[in-house]
K.L.:
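This is the structure I want to talk about, given as structure tokens.
Counting convention: from 1, in listed order, for ligands and their atoms alike.
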Amino acid sequence: MNSFNIAVIPGDGTGPEMVNEGLKVLQGAAQKYNFKLNLKTFDYGGERYLQTGEVLPEGAIEELKQYEAIFLGAIGHPDVKPGILEKGILLNLRFELDQYINLRPVKLYPGIETPLKDKGPEDIDFVVIRENTEGLYTGSGGFLKKGTPDEVAIQESINTRKGVERCLRYAFQYCRERNKKKTLTLCGKTNVLTYAFDLWERTFHEVGKDYPDIKREYAHVDAICMWMVKNPEQFDVIVTDNMFGDIITDLGAMLQGGMGIAAGANINPEGTSMFEPIGGSAPKYTGKNMINPLASICAGGMMLKHLGEKEAANAIEKAVMTVCSKHIKSLSAGKMGYTTSELGDLVLNYL
Ligand code: IPM
Ligand code: MN
């Protein structure tokens, strides 16, 4: 029997409630498809930080590297200044574990409403591959004369040939294996960011020569936003840098019905990957059994696929689709017609 060691970080706000339902379904899948999940929970998050002043304790990264995957809830606490937990925990894990791919599917399931008029599940089904360790996210830059009228703030976008190339290769390969429209769209801003996206574009076409079966397209990020709304059906796989990827995947989440169902994978193909709902910690819903757990359940499905348990992963997706088409009224917290735990039970039943 396959057995996997999984680190669980429930985190802040509604993170723990989400993770509970995700794990409920994962354990159900383990039983049915005959594999074992050995879970260990870590208390990293806002509460721990407020008590100890520590974001991640010493040795945490080395310890997490021993696990095959990390199952994450949410990071972000209303009593902690923005940036501390995000940088200290979430981004730190992505960077230190070198999870250089952030994979975010945008897929509208039957029965779920999209704000796009006249668009349905056949139109909204693409994947965004976001570079996850570079760009504007590295923290490079600083202040000069802070707090004075002459203050200067610099925030630099770091793009390395190596970092860009490995992300692009992954995207081409992913597009090939996905085997749908076989079209990879580079999302950039070559008309203004003439260094960063020059590197991206040159590398895109160079690497693309190794993938003659994949059609290459390029679009500026602002145009991508327009087309995601106007003609989402034209997209198959979109690859982009860290910042643009962050922004367009929130737009993508809305197209697929909302944050309640949007899941993402932070992948290091050679190391420890991390799976998470892409919405935040939703403090106002904390502890109310109101939040939609489907995003965490879908993140669990992505984790199983990554671990090689494809049958179980597909079964989870199918169960989620059935629940969407037969049961849920809306994906929004409090409007689903079910509580958080009832929805978890429902998915488990169909599984
Ligand atoms: C996301 C989040 C994070 C990001 C924040 C919380 C640092 O918005 O996962 O998309 O910007 O990457
Ligand atoms: Mn984001």
K.L.:
Main chain of E68, side chain of T272: is a donor-acceptor contact present, judged purely on distance under 3.5 Å?
P.N.:
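Flag not set: sc T272 to bb E68 has no pair under 3.5 Å.
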K.L.:
Does R178 make a cation-pi contact with F172 (under 6.0 Å, within 45 degrees of the axis)?
P.N.:
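No, a cation-pi geometry is absent between R178 and F172.
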K.L.:
Are Y67 and F42 close enough that their ring centres sit under 6.0 Å apart?
P.N.:
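Between Y67 and F42, the centre distance is under 6.0 Å.
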K.L.:
List the closest protein heavy-atom neighbour of atom 11 (O) of ligand 1: residue, atom name, distance to the nearest 0.1 Å.
P.N.:
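For atom 11 (O) of ligand 1, the nearest protein heavy atom comes out as Y137 OH, 2.6 Å.
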K.L.:
Check for me, please, whether V55 and M274 land in the same ILVMFWY cluster - side-chain distances under 4.5 Å, paths through other members count.
P.N.:
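In one cluster with V55: M274, yes.
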K.L.:
In this structure, does ligand 1 have an atom that sits under 4.0 Å from one of the heavy atoms of I278?
P.N.:
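Not so, I278 does not reach ligand 1.
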K.L.:
Counting non-hydrogen protein atoms only, what is the nearest one to atom 10 (O) of ligand 1? Give residue, atom name and distance.
P.N.:
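Scanning the protein heavy atoms, the shortest distance from atom 10 (O) of ligand 1 goes to D246 OD1, 2.9 Å.
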K.L.:
Mind counting the protein N, O or S atoms sitting less than 2.8 Å from the Mn ion (ligand 2)?
P.N.:
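With waters ignored, the protein N/O/S count below 2.8 Å is 1.
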K.L.:
Just let me know how M243 lines up against ligand 1, side chain, backbone, both or neither, with a heavy-atom cut-off below 4.0 Å.
P.N.:
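Neither part.
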K.L.:
Please enumerate all residues that pass ring pair (Phe, Tyr, Trp, His ring centres under 6.0 Å) together with H306, with sequence neighbours excluded.
P.N.:
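For H306, the residues satisfying ring pair (Phe, Tyr, Trp, His ring centres under 6.0 Å) (neighbours in sequence not counted) are F275.
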K.L.:
Can you tell me which residue among E311, E317, E309 is in a side-chain contact (heavy atoms from CB on, under 4.5 Å) with L304?
P.N.:
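Going through the options one by one, the only one that passes is E309.
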K.L.:
For R94 and N92, test the side chains for any donor-to-acceptor distance below 3.5 angstrom and give the result as yes or no.
P.N.:
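Short answer, no.
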K.L.:
If you measure from each heavy atom of R94 to ligand 1, is any distance below 4.0 Å?
P.N.:
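Flag set, R94 near ligand 1.
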K.L.:
Could you tell me the residue and atom name of the protein heavy atom closest to atom 1 (C) of ligand 1, and the distance to it rounded to 0.1 Å?
P.N.:
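That would be R104 NH2, 3.3 Å.
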K.L.:
Tell me if the centroids of the rings in F35 and Y33 come within less than 6.0 Å of each other.
P.N.:
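Judged by ring-centre distance (under 6.0 Å), F35 and Y33 do not meet the cut-off.
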K.L.:
Between R166 and Y100, is NZ or CZ placed under 6.0 angstrom from the six-membered ring centre and within 45° of the ring axis?
P.N.:
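Geometry flag: set, cation within 6.0 Å and 45°.
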K.L.:
I'd like to check whether E86 has a polar contact with ligand 1, where a contact means an N/O of the residue lying under 3.5 Å from an N/O of the ligand.
P.N.:
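Between E86 and ligand 1 (N or O atoms, distance only) the closest approach is not under 3.5 Å.
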